[in-house]
Each structure stands twice: as structure tokens, then as C-alpha cells.
Student: 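Submitted below is the structure of interest, expressed as C-alpha cells.
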Amino acid sequence: MTIDYTYLVFALVLLWLPRQWLRLISLRGSSRGRPLRARVDREPGDISVRMGQELGKSRNWVDLLRAVAGSYAICRWGTFAVEHDASRATLHLVFGLKAAVLVLGLLIQTLRFEGRFSLFAPLFYVLGLSFGLMDWKPACFAVISIWAVNLVLPSASVFLFVYGCLVTCFGLSFPGSEHDETLLLAALAILPVLLSVLSKRRLAQFTKKTKIIGSS
């Protein structure tokens with residue numbers, strides 16, 4: 001096994017950069033001079049994911065693109081290269097290293113300590129991982145399908161759980177995707193939900209600054 005450290009560092013910077021640090025970069029001044037958008041009122045207890053609101057957040061798109069590039073570097077660009085006749089133990093080691101990088105990246109995006117401990121639902125980050133771990137066709141079908149059914153999903157937790165089921169179905173059905181990586185992606189999608197259940201804390205959707213929308 002050989003490691004391309006240039007690709008590795010590139011991937012780690014993209015995948016392990018905490019989302020909240022993005023506000024310190026150029027995005028901090030992107031809203032200057034623009035009128036504030038009207039706030040969309042929600043019914044009491046409504047913690048669903050609003051597609052229009054989420055697509056309008058620039059940091060969501062940054063999350064999506066950096067997850068695509070970072071996961072592609074880890075899984076497709078030969079960051080961890082093995083010979084064709086590599087042993088099963090070596091293949092398992094490489095898969096374990098990939099999984100460790102991706103799991104830690106997801107935890108960095110999910111866990112927050114800003115005055116208090118909270119859990120964040122990294123929706124677009126997980127969607128971006130799909131294109132590095134699966135072939136683009138099942139990834140596109142999974143992404144389109146989750147937004148199609150999102151209208152009837154009550155929360156971000158259910159969104160991620162259903163997405164984990166969708167990527168499993170599409171990834172195992174379409175040729176071109178590795179089954180192990182498809183199942184890893186499904187586990188990554190469901191991991192924040194599992195953390196929410198075990199910690200008895202709601203997954204939250206973060207808006208600008210510190211405003212939080214709860215999610216069951």
C-alpha cells in the first residue's frame with residue numbers, strides 16, 4: 001500500500017474543516033449590501049427540512065462541494081493505492097483507513113460545542129459524500145429521490161435515515177458502485193441519527209450565527 005500525501009492532505013482539509021469555520025472565510029461578507037430575506041414562518045412543532053430554505057444557504061453548497069471533492073480524493077484518486085495482487089488484509093486496512101477519515105469528518109460536522117453541546121444534521125455534507133463513495137448515477141437517483149419524498153418527512157433525522165435507505169437500494173442495484181462503500185455511505189448517513197438517539201438530543205438545523213431549528 002502506498003499513500004499519496006498530497007491527495008490525503010487535500011482531502012483532510014476539505015472533509016475535516018468544521019462548518020462553523022466557514023463563517024470566518026469569504027462567506028462572512030457575502031451578504032453585505034443585500035436585503036435580508038423575509039423569514040418563513042413555521043407552524044408550532046414544524047421541524048421539517050425546507051428545500052427552498054436549504055438551497056438558499058451558501059454554506060450548504062460549500063458543504064456539498066467540499067464533501068464531493070474530499071470523498072472523491074479519498075476513494076477515487078488513489079490516495080490509498082494498492083497493488084492488484086494485494087492481500088485481503090491489505091484491502092481491509094485500506095477500507096478501514098478510508099472509513100476512519102470519513103467517519104471522523106462526519107463527526108466534526110455533526111458535533112458542536114458552542115456554549116453547550118449540540119448535534120447538527122450535516123445534510124448537504126452527506127449528499128456530497130455520495131458522489132465520492134458511489135457511481136454518479138445511483139448518487140443522482142438517491143439525491144433526487146430524497147428531495148422528492150422530503151415533502152412528507154417530518155424532520156432532519158428522518159431525512160438522513162431515509163437517505164441511508166435510499167443509497168443502499170440504489171447503490172446495490174446499479175452497477176459501478178462498490179457494495180462496501182455503498183454500505184459505508186448508508187452508515188454515515190444514519191450515524192448522526194444514531195448519535196441523536198443515544199444522546200437523547202435532537203439533531204438541529206443551523207441557520208446564520210447561532211439560531212437553531214430543532215429536529216427529532
Side-chain angles (χ1 to χ4, degrees), residues 7 11 14-15 48-52 54-55 60-61 63-82 84-107 109-110 121-197 203 205 215-216:
Y7 285 157
L14 292 176
L15 295 172
S48 61
V49 177
R50 300 290 183 89
M51 181 177 179
E54 297 303 317
L55 293 179
N60 282 343
W61 290 102
D63 272 353
L64 177 72
L65 294 176
R66 70 191 177 102
V68 171
S71 60
Y72 210 91
I74 289 294
C75 300
R76 299 286 180 261
W77 285 353
T79 300
F80 302 104
V82 295
H84 293 293
D85 58 348
S87 65
R88 185 176 297 273
T90 300
L91 295 177
H92 287 166
L93 174 61
V94 170
F95 181 78
L97 290 174
K98 293 178 181 178
V101 169
L102 296 172
V103 168
L104 184 54
L106 185 77
L107 291 176
Q109 309 311 315
T110 303
L123 304 181
F124 280 70
Y125 186 87
V126 171
L127 297 182
L129 294 179
S130 307
F131 294 90
L133 289 165
M134 293 197 302
D135 185 66
W136 69 271
K137 291 182 181 179
C140 285
F141 270 92
V143 170
I144 293 172
S145 297
I146 190 59
W147 286 117
V149 302
N150 178 59
L151 293 173
V152 298
L153 302 182
S155 67
S157 292
V158 179
F159 181 104
L160 288 172
F161 181 82
V162 172
Y163 188 69
C165 297
L166 288 172
V167 297
T168 301
C169 293
F170 288 120
L172 299 181
S173 300
F174 278 71
S177 293
E178 296 290 338
H179 288 184
D180 289 345
E181 293 182 351
T182 295
L183 295 177
L184 173 59
L185 174 60
L188 290 169
I190 297 174
L191 179 58
V193 182
L194 181 60
L195 291 175
S196 175
V197 172
L203 281 179
Q205 300 175 62
S215 170
S216 62

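Values below: all heavy atoms of this structure, side chains included; hydrogens, waters and symmetry mates excluded.
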Student: Tell me the closest heavy-atom pair linking P192 and T110, and the distance in Å.
Tutor: CG-OG1, 3.9 Å
Student: So which heavy atom on C75 is nearest to which on K98, and how close?
Tutor: O-NZ, 4.0 Å
Student: At their closest point, which heavy atom of A156 faces which heavy atom of V49, and how far apart are they?
Tutor: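 For A156 and V49, the tightest heavy-atom pair comes out as CA-CG2, 3.7 Å.
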Student: Quick one: CG on L188 to OH on Y163, what's the gap to the nearest 0.5 Å?
Tutor: 11.0 Å
Student: So, for H179 and G171, which heavy atoms are closest and what is the spacing to 0.1 Å?
Tutor: CD2-O, 4.4 Å
Student: In Å and rounded to the nearest 0.5 Å, what is the CG to CE distance from L172 to M134?
Tutor: 9.5 Å
Student: Starting at CD of E54, measure out to CG of D63 and round the result to the nearest 0.5 Å.
Tutor: 10.5 Å
Student: To check you understand the geometry: which heavy-atom pair defines the closest contact between W136 and F131, and what is its length?
Tutor: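 Reported closest heavy-atom pair: O-CE2, 4.2 Å.
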Student: Report, as yes or no, whether the 6.0 Å neighbourhood of atom CZ on F80 holds more than 12 heavy atoms from other residues, nucleotides or ligands.
Tutor: yes
Student: Rounded to the nearest 0.5 Å, how far apart are CG of L129 and CZ of R66?
Tutor: 9.5 Å
Student: State the CG-CG distance between L194 and L160, to the nearest 0.5 angstrom.
Tutor: 12.0 Å
Student: Answer whether the closest heavy-atom distance between the side chains of N60 and L55 falls below 4.5 Å.
Tutor: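 They are not in contact (no side-chain heavy atoms under 4.5 Å apart), so the answer is no.
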Student: Where do G164 and V167 come nearest, in terms of heavy atoms and distance?
Tutor: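 So the minimum-distance heavy-atom pair works out to O-CG2, 3.2 Å.
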